[in-house]
Amino acid sequence: MSEIALYRKYRPQKFKDVIGQDHVIQVLEGAIKLGNIAHAYLFAGSRGIGKTSIARIFAREIGTSDNDLYEIDAASNRGIDDIRAIRDSVATLPFESPFKVYIVDEVHMLTKEAFNALLKTLEEPPKHVIFILATTETEKLPETVVSRCQTFSFKKPNQQILRDVVLSVAKKEGFTLEPSAADLVAFLGDGSFRDTLGIVQKVVSASKDKKISIDEVELVTGAPRREMVNAIVEAIAEKNIEKGLIAVRKASGANIDPKTLLTLVVQKMRCALHLKLASGLEKEIAEEVSEEDMVLLKKLATGPATGITSHALAELLSAYGSIGYSAVPELPLELALVNIVQNAK
């Protein structure tokens, strides 16, 4: 496998390569076509979803060469002297391009004094200068800076998009993943292309036969093992509180993040509920889970006294919102299990 980091290797190079940001790409391409180039842009959104990649593509599309493209990491260059250096450099003409483009990443990290200096440059920039500010925390930016930029809000990719990326990149690298393994990697990527591909790299680097199972992903990433998740789902279906509490205890003893555990439980509960209420979804669900899990889910969904209900799923969702505020992290899940079983009797 290539030694280059996968997220760098598969970083989009053209607008057509970008996934999941059509609302941004369409506007930028239209502006370029019409010649309506703004002097300052603000790209806002969570980490690893393509803000700086699209900024680079935009710069290339308007004819800016590498010699006239400047990237500044505001997390480590956040002072007024750093912004003064930019302010002084914008006065000079580009070396070989129609525009000089300044990409300022993590712009919210600038100091108050640096923001004031940047504002003066944004108010009256030379015609040959374009600023592209990128941030994960728009609320930390002064309104005076935001108001002088054309703002684009980037979307987090959903799990299906990330799953497709995982399968595509793994295939290009000569690996195959079980569908359930790709789903788990996509889930652990937490809405970030960069983080997802980082996990793919870790998993394929540890593979011996280029065929990656969900067990391998669980082992490499430290994600909750399928047996733990299935035990909790089974406990709910069977209305067996003891079995559920034991499973949660084992997960806690293994230092499993309770939010990750609960999310995986909710995903399987959702699949089981779909199988119970809409048999027409069986083929679609079978493509998302392993054969072993599919057999289990069908069994739990169609049992004569199954506890797989909308009420149970609602209880689990309610518990998810409480985990971060509980003195005992796994307690909300334990209480949800108790409420589910008690109300089912």
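Since we're looking at a predicted model, the values are computed, not measured.
If you check the side chains of T92 and K100, you find a donor sitting under 3.5 Å from an acceptor. Side-chain atoms of R11 and S53 form a donor-acceptor pair, as typed in the model, at a separation below 3.5 Å. No hydrogens or angles considered: nothing links the side chains of S97 and T64 as a donor-acceptor pair under 3.5 Å.
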For residues 211-219, tabulate all N or O donor-acceptor pairs below 3.5 Å that involve a side-chain atom, not counting sequence neighbours.
from	atom 1	to	atom 2	distance (Å)
S213	OG	D215	N	3.4
S213	OG	E216	N	3.4
D215	OD1	R226	NH2	3.1
D215	OD2	R226	NH2	3.4
E216	OE2	S213	N	2.9
E218	OE2	R226	N	2.9

Report all side-chain donor-acceptor pairs from residues 247-257 shorter than 3.5 Å, counting only partners two or more places apart or in another chain.
from	atom 1	to	atom 2	distance (Å)
S252	OG	E330	OE2	3.2
D257	OD2	T260	N	3.1
D257	OD2	T260	OG1	2.8

N/O donor-acceptor pairs under 3.5 Å from side chains in residues 321-328, not counting sequence neighbours:
from	atom 1	to	atom 2	distance (Å)
S326	OG	V328	N	3.2
S326	OG	V328	O	2.6

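Using a cutoff of 4.0 Å between basic side-chain nitrogens and carboxylate oxygens, K298 and E282 are scored as salt-bridged. For D17 and K14, the salt-bridge test fails: no basic side-chain N is under 4.0 Å from an acidic carboxylate O.
In this structure E96 satisfies the salt bridge (Lys or Arg N to Asp or Glu O under 4.0 Å) test with no other residue, sequence neighbours excluded. Not counting sequence neighbours, K33 has no partner by the side chain to side chain contact (heavy atoms under 4.5 Å, CB included) test.
Other cluster members for L28: F15, V18, V24, I25, V27, I32, I37, Y41, F43, I49, I54, I57, F58, I62, L69, F99, V101, I103, I130, I132, F152, F154, joined by side-chain heavy-atom distances under 4.5 Å among Ile, Leu, Val, Met, Phe, Trp and Tyr.
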- prompt: What's the verdict on salt bridge (Lys or Arg N to Asp or Glu O under 4.0 Å) for R56 and E71, showing C-alpha distance, side-chain angles and the deciding distance?
  reply: CA-CA 9 Å; R56 295 186 188 110; E71 293 191 41; 2.7 Å; yes
